[in-house]
There are 2 protein chains.
Amino acid sequence: MVTLAEVAQHAGVSASTVSYVLSGKRSISATTRQRVEESIRKLGYHPNAGARALASSRSNIIALMIPLRTDMYVPVMMEIAIAVAAGARTHGYDILLLTDEEGPDAVRRVTGSGLADAMILMDVELDDERLPLLREGGSPGRARSGVADDQPSVLIGLPADTTGLTCVDLDFRATGALCVEHLAELGHRDIAVIGEAPAVYERHTGFAERTLDGLRTRARELKLRLLHRPCEGGYDAMAATLARIFDERPDTTGFVVQNESAIEPLLALLRQQGRAVPEDVSVVAICPEQVATQASVRLTSVALPAQEMGRHAVEQLVAKLGGRGSDEVVLLAPELTVRASTGPAPVRP
Amino acid sequence: MVTLAEVAQHAGVSASTVSYVLSGKRSISATTRQRVEESIRKLGYHPNAGARALASSRSNIIALMIPLRTDMYVPVMMEIAIAVAAGARTHGYDILLLTDEEGPDAVRRVTGSGLADAMILMDVELDDERLPLLREGGSPGRARSGVADDQPSVLIGLPADTTGLTCVDLDFRATGALCVEHLAELGHRDIAVIGEAPAVYERHTGFAERTLDGLRTRARELKLRLLHRPCEGGYDAMAATLARIFDERPDTTGFVVQNESAIEPLLALLRQQGRAVPEDVSVVAICPEQVATQASVRLTSVALPAQEMGRHAVEQLVAKLGGRGSDEVVLLAPELTVRASTGPAPVRP
DNA sequence: GTGAAAGCGCTAACAT
DNA sequence: ATGTTAGCGCTTTCAC
């Protein structure tokens, strides 16, 4: 292994000079810099990460905690993770991948060991047990040397109480409102919402409730009738749910779907029942772009901006690490793309 | 931050004793051990990762390179990544998440900096440019101090030339054979294969070709007629492909699908055409379990054993790191699960 | 603009 | 069974 000292010797300068050439933290004469860079290349030198971390007490690593559960929105999670990794690299950071298997202990371990300089948490629950460890100001009763040893962190998702936390998420309330508005403009008066599986609501992940809130509020304002039904994924569950919906509200002409695994079954069932999309019924989906464009009907949808969320999270974190403050909560504005699944409501006799 | 020295002082022992209590590398009297452990808990001590890495020249980190492309098998990738992360933790390793954006440079950077002790590469291409850096024996022409400074590594996926490499993958050849056998047993004589998008074949990722090889070989042995058609995802592409298939081979009664985004369209189209599954045609899918069980027809399928692959990769790597040799190539045996999409071939007039 | 030198917190000989 | 000590490779004062 090539060390900094070897580079220094080879270039005929001191170790500190090499270090400063690398960090740019003090001015170096052009000739010296060139000699050093030359030696670095020739010897194939790579600074040792451990030594760096020890001497500088910064690891240049950001920890990313992803959910173990692989039952929901997996492609979105993956896309976020990849965006985070790529974004982090542009700022010189690497990503340490943590699952939430260890729970809060992982936070302590990483914080305590200095393995990472900061962390990003995905899939935060409303009352997440990891949050107390991350709130700025630290745990109550901790009043050590005055040094704030909290881990700078950014959450992807919105917990119930965001005080002292930085969060990035899609504005699901606005998303719900947007879907309702679109259908209202097309003349639909009876709207059914196919929601996530009941388990998702019970898990209190927040986004489902916020979407529903946005849907309901806007529906009330626009005087639309809204029926919400959670739904397990799959064909059979969707069939049962759909039957109930048309039973209770036979005049339903608009659907909002927030459940990836209900989308294709819904479309198939509507086809089977002879209800044409979008002539008889309109469907708006809240889902990844890819799902919307690859469905059997190209879906009007609000996309989950995975890349953007990942990028934002990194930007926020880097800002924090650089001492610059950052916003508490960033809610990304939803964008609705009109495709082939929505059209004017059919005229009623 | 609490240091080892502070723990030592608090427990009234020397630094090395604390270190050895932690590592278990030499015997410690019960009383001393207890005092030390007590102090560790009381002070909330966490060993500093950087210092550890520097002193021991082992980071206890495994790098995992995942593909940037998020167009294929994303849930599988994610599941593997999570399995790798979880598996690594049980051996005391953390996972560093690398994308293949940097290409081979990422390998050099991680190897050179000692950031990771080893690496796992996913989605390896047949002639991957990162492979030369990973082959045991190192790059030709490198004859330094006799120390093998290669990064121990495991590939998930199979390149063209596996010499000097450790690989884990599903046995796709056997998978293809298994699908054909199943259909043959049910009496199907004309089989159509819906393959991945042409781009996948062109990218030379290997698994698609190996599956096809297994399909063809076994079909020939069993004297079945086999028609293979690559297919872009989505409804329209599938419709065109299906039309061509029935045009060329009207007697086709068996389908093998190796393309997630073609599955649901295929089922919908068959329904539309009045071909009942499994009464008129049978469908075998090569896809994740979840897709098979959530499709509009519960699919007979060969699963992609994501978790198993992740776990295996870690085991192999840990074996290597522990100095124990490991197998060159581990091919996991495919398992076919019979569900509702396959049945006896219809009797021909 | 450059060098010298003191650690950073830990591990692993080498002692006893 | 425990203590002493010399680094690991780098960053960063302090000195010129």
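Values reported hereafter were calculated over all heavy atoms of this structure, with side chains retained and with hydrogens, waters and symmetry mates removed. Order of the sequence lines fixes the chain letters, A, B, ..., with proteins taken first and strands second; residue numbering starts at 1 for each chain.
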Atom [atom1] of [X] and atom [atom2] of [N]: how far apart are they, to the nearest Å?
| X | N | atom1 | atom2 | result |
| --- | --- | --- | --- | --- |
| Tyr45(B) | dG9(C) | OH | P | 10 Å |
| Leu54(A) | dC8(D) | CG | P | 13 Å |
| Tyr20(B) | dC14(C) | OH | P | 11 Å |
| Asp117(B) | dC8(D) | CG | C1' | 15 Å |
| Arg58(B) | dC10(C) | CZ | P | 17 Å |
| Leu4(A) | dC8(C) | CG | P | 19 Å |
| Leu22(A) | dT11(D) | CG | P | 7 Å |
| Leu115(A) | dG9(C) | CG | C1' | 14 Å |

So, Ser19(A) versus Ser16(A): side-chain donor-acceptor pair below 3.5 Å or not?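 Result is no, nothing qualifies.
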Quick one: do the Thr32(B) and Ser29(B) side chains pair a donor with an acceptor below 3.5 Å?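 The answer is yes; a qualifying pair exists.
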Given [options], identify the nucleotide with an atom nearest to the side chain of [X].
| X | options | result |
| --- | --- | --- |
| Arg26(B) | dG1(C), dA13(C), dC10(C) | dA13(C) |
| Asn48(A) | dC10(D), dG9(C), dG3(C) | dC10(D) |
| Ala55(B) | dG7(D), dT2(C), dT4(D) | dG7(D) |
| Ser14(A) | dA4(C), dT11(D), dC10(C) | dA4(C) |

So does Ser16(A) reach the base of dA4(C) with its side chain, donor to acceptor, closer than 3.5 Å?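 Such a pair is found, so the answer is yes.
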Quiz item: Arg52(A) side-chain donor-acceptor pair to dT11(D) base, under 3.5 Å: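 Checked by distance alone, the answer is no.
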Phosphate contact ([N] OP1 or OP2) by [X] side-chain N/O below 4.0 Å:
| X | N | value |
| --- | --- | --- |
| Thr17(A) | dG3(C) | yes |
| Ser23(A) | dT11(D) | no |
| Lys25(A) | dT11(D) | no |

With nearest nucleotide decided by heavy atoms, which residue, Arg33(A) or Ala15(A), maps closer to the 5′ end of DNA chain C?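 By nearest-heavy-atom nucleotide position, the 5'-most residue is Arg33(A).
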Let me spell it out: for each of Gly12(A) and Val18(B), pick the nucleotide of DNA chain C with the closest heavy atom. Which residue's pick is nearer the 5' end?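 On the 5' side of the pair lies Gly12(A).
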Closest-nucleotide 5' rank along DNA chain D - winner of Ser29(B) and Ser56(B):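 Final value for this comparison: Ser29(B).
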Taking the side chain as every heavy atom from C-beta outward, state whether Asn60(B) and Asp94(B) have any atom pair closer than 4.5 Å.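 With C-beta onward as the side chain, the pair stays apart.
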Any base atoms under 4.0 Å from Thr3(B), or only sugar-phosphate, or nothing? Heavy atoms, all strands.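 Contact class for Thr3(B): sugar-phosphate only.
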Within the 4.0 Å heavy-atom criterion, would you say Ser57(A) contacts the bases, only the backbone, or no part of the nucleic acid?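 Nothing, no heavy atom under 4.0 Å.
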Distance in Å, Ile62(B) CD1 paired with Leu115(B) CG, rounded so as to fall on 0.5 Å steps: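 Taking CD1 in Ile62(B) and CG in Leu115(B), the distance rounds to 13.5 Å.
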Enter the distance from Met78(B):CE to Met77(A):CE here, rounded to the nearest 0.5 Å.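 Met78(B) atom CE to Met77(A) atom CE measures 6.5 Å (nearest 0.5 Å).
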Steps toward side-chain contact (heavy atoms from CB on, under 4.5 Å) verdict (Val2(A), Val7(A)): CA-CA 8 Å; Val2(A) 188; Val7(A) 173; 4.2 Å; yes
